[in-house]
Novice: 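Handing you this structure, nothing more for now.
Residue numbers count from 1 along this sequence. Just so we're clear, the structure is a prediction, and the values are computed from it rather than from any experiment.
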Amino acid sequence: MPSLEGKAVLVTGAGGFIAGHLVVRLLRDGARVRAFVHYNSRDARGTLDWLAPEAVADAQVVLGELRDVESVTGACKGIDIVLHLGAHVGIPYSYVNPRDFFEVNALGTLNVAQAALQHGVELVVHTSTSEVYGSARTVPITEAHPLEPQSPYAASKVAADKVMDSWQRTYGLPATVLRPFNTYGPGQSARAILPTIISQALAGSIVRLGSLHPRRDLTYVDDTVAGFVAAAQTPAAAGRTIQLGTGHDVSIGDMVQIVGDLLGRQLEVESDPARVRAETSEVLRLVSSPDLARELLGWEPQVELRDGIARTIRWMESNSGRYRADHYVI
């Protein structure tokens, strides 16, 4: 498997949760990292600002906008490998502003594909999401499962995935689509379910949530990052879609129980109608088959769920000021 040492690697969405951790890993592996961060007048860099400064000091941070052809094209110049994680995320907000999701996720991905093609990059690794499947028809979900998006966000990601698929087939763009299942760990925003549970549990014994029965395949962030690194080192996987998941799922109610156990106290769940999704839009179950990732990338998750949640709790205890437990983030 080729090394990434010395390779020029562009990470889009570098201010995001997974991408920030990925930047740290790539720098540690000796890559020359260009971190593409959404432009803002405060020079805020998202997750990169939450990480140890010395861990990201060698990254070349570039501010831009995925919808802006010029900034994306400029960011791809001189790059060997593009790891495209930039996206508009947040399922509930996609109900409110679906056009923005399609512009960023679908048209932004088109800009990345075009720029990568123009500059002759060696490989693009594009980030999908397990949400493209909708509720599982068959368990475990394989890469052949039908795509049945149940939210505007999921639909925009299907469109983005198909841009990469078609550019690979039409123009020969070397592109691999990685489809992580639910990633969690230190540095994740309260938009996601585990930080929502943990932040409230650290503030008191009452946790306000929506539905407790949906089930998710939770992958620790270091394992997801290892999957991206493996994909970047496997150009032979170009043209394939590969899932990153553990093959096991837990319910939201189970997550509450595990967090309570690790904190050593009983948590009480209160139903919050604002957090309950429409029945036709709620994805009830997502659980992956990691077989193809094992076969093509040699990747397997290493961090057991309770251990990963314990690590996340410890980090959030040390960074409690970054969370507002009484505020629902859509």
Novice: Just to verify, what does Phe101 make a ring pair (Phe, Tyr, Trp, His ring centres under 6.0 Å) with, not counting sequence neighbours?
Specialist: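 With neighbours one apart ignored, the set is His88.
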Novice: Do Ile193 and Val287 belong to the same hydrophobic cluster, where Ile, Leu, Val, Met, Phe, Trp and Tyr are linked whenever their side-chain heavy atoms lie under 4.5 Å apart, directly or via other members?
Specialist: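 Each belongs to a different hydrophobic cluster.
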Novice: Quick one: which residue pairs count as a salt bridge (charged side-chain N to carboxylate O under 4.0 Å, His left out) with a foot in residues 151-160, not counting sequence neighbours?
Specialist: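 Listed by first then second residue: nothing to list.
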Novice: What are the two closest non-hydrogen atoms of Val121 and Pro174, and how far apart are they?
Specialist: O-CG, 3.8 Å
Novice: Please name all residues satisfying side chain to side chain contact (heavy atoms under 4.5 Å, CB included) with Leu267, sequence neighbours left out, ordered by chain then number.
Specialist: Ala201, Val207, Val256, Val259, Arg265
Novice: Who pairs with Ser135 by side chain to side chain contact (heavy atoms under 4.5 Å, CB included), at least two apart in sequence or on another chain?
Specialist: Gln150, Val283, Leu284
Novice: Could you list the donor-acceptor pairs under 3.5 angstrom formed between side-chain atoms of residues 74-84 and any protein atom two or more places apart in sequence or on another chain?
Specialist:
from, atom 1, to, atom 2, distance (Å)
Asp80, OD2, Ala8, N, 2.9
His84, ND1, Thr12, OG1, 2.7
His84, NE2, Thr109, OG1, 3.0

Novice: Who are the side-chain hydrogen bond (donor to acceptor under 3.5 Å, both in side chains) partners of Glu304, not counting sequence neighbours?
Specialist: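 side-chain hydrogen bond (donor to acceptor under 3.5 Å, both in side chains) check on Glu304 returns nothing, list empty.
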Novice: What residues form a side-chain hydrogen bond (donor to acceptor under 3.5 Å, both in side chains) with Arg285, not counting sequence neighbours?
Specialist: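 With sequence neighbours excluded, Arg285 shows a side-chain hydrogen bond (donor to acceptor under 3.5 Å, both in side chains) to Asp249, given in chain and number order.
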Novice: Going by salt bridge (charged side-chain N to carboxylate O under 4.0 Å, His left out), name the pairs with one or both residues in residues 226-248, residues two or more places apart or in two chains.
Specialist: none
Novice: My understanding is that only residues two or more places apart in sequence, or in another chain, count here; which of them pass side chain to side chain contact (heavy atoms under 4.5 Å, CB included) with Pro301?
Specialist: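 For Pro301 the side chain to side chain contact (heavy atoms under 4.5 Å, CB included) partners, ignoring immediate neighbours, are Asp223, Thr246, Trp299.
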Novice: Quick check: is Val33 connected to Val37 through a chain of hydrophobic side chains (ILVMFWY, heavy atoms under 4.5 Å apart)?
Specialist: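 Yes, same cluster.
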Novice: Got a list of side-chain donor-acceptor pairs under 3.5 Å for residues 13-29, not counting sequence neighbours?
Specialist:
from, atom 1, to, atom 2, distance (Å)
His21, NE2, Pro186, O, 2.7
Arg25, NE, Asp29, OD1, 3.4
Arg25, NE, Asp29, OD2, 2.9

Novice: Which residues pass the side chain to side chain contact (heavy atoms under 4.5 Å, CB included) test with Glu295, sequence neighbours left out?
Specialist: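 If we apply the side chain to side chain contact (heavy atoms under 4.5 Å, CB included) test to Glu295, skipping adjacent residues, the hits are Leu292.
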Novice: Between Glu282 and Arg275 (salt bridge meaning N to carboxylate O under 4.0 Å), is one present in this structure?
Specialist: no
Novice: Looking at residues at least two apart in the chain, or sitting in another chain, which of them share a ring pair (Phe, Tyr, Trp, His ring centres under 6.0 Å) with His119?
Specialist: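 None.
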